[in-house]
Amino acid sequence: MTDTLDRLAADLDREAAALERRLDAAVAACNDEVWRGPAARRTADGLRAARRRVRAAAAELRRVAALVRRRASDARPLQA
């Protein structure tokens, strides 16, 4: 069981990192050189809001991964 929990925690951490990588790629694609004019402000505001949500989601995945690791640690037999 602890191996399964350890794998789950690692998967959650990987997904959190992948979310942030995708966010970085989106930010790079939506720079000032790409967006100009009246839509630029709305796009920048929308991107900032999306960044906050993605970062919060990644943080939540890491928080859950830490809880899963703690449960796995609690489930391991004590070493004599």
Side-chain angles (χ1 to χ4, degrees):
M1 177 174 104
T2 59
D3 289 341
T4 301
L5 292 174
D6 288 335
R7 281 193 304 274
L8 174 60
D11 289 346
L12 290 168
D13 281 332
R14 265 192 304 281
E15 288 303 317
L19 275 175
E20 291 177 330
R21 277 193 310 276
R22 290 181 192 114
L23 173 63
D24 291 343
V27 168
C30 295
N31 61 41
D32 292 342
E33 306 260 333
V34 175
W35 296 97
R36 295 181 187 219
R41 174 89 177 162
R42 286 190 308 276
T43 300
D45 290 346
L47 184 56
R48 274 193 291 280
R51 289 173 88 175
R52 283 190 297 274
R53 289 191 302 272
V54 168
R55 285 195 178 116
E60 182 65 9
L61 285 172
R62 288 190 176 99
R63 186 188 72 76
V64 171
L67 288 172
V68 169
R69 280 193 186 86
R70 198 170 310 129
R71 295 293 183 257
S73 178
D74 292 347
R76 285 188 180 85
L78 294 175
Q79 300 293 324

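Looking only at side-chain heavy atoms (C-beta outward), R7 and T4 come within less than 4.5 Å of each other.
When the side-chain hydrogen bond (donor to acceptor under 3.5 Å, both in side chains) test is applied to R63, the partners found at least two apart in sequence or on another chain are E60. Looking at residues two or more places apart in sequence or on another chain, you find a side chain to side chain contact (heavy atoms under 4.5 Å, CB included) between A65 and A9, L12, D13, R69. Judged as a salt bridge (Lys or Arg N to Asp or Glu O under 4.0 Å), and not counting sequence neighbours, the contacts of R14 are D11. Checked against side chain to side chain contact (heavy atoms under 4.5 Å, CB included), A75 has the following partners two or more places apart in sequence or in another chain: M1, T2.
The salt bridge (Lys or Arg N to Asp or Glu O under 4.0 Å) pairs that include a residue from residues 15-27 are E20-R62, where partners are two or more places apart or lie in different chains.
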Less than 3.5 Å apart, which donor and acceptor atoms pair up between the side chains of residues 47-58 and the rest of the protein, not counting sequence neighbours?
| from | atom 1 | to | atom 2 | distance (Å) |
| --- | --- | --- | --- | --- |
| R48 | NH2 | D45 | OD1 | 2.3 |

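The two atoms that bring V68 and L5 nearest to each other are CG1-O, 3.1 Å, heavy atoms only.
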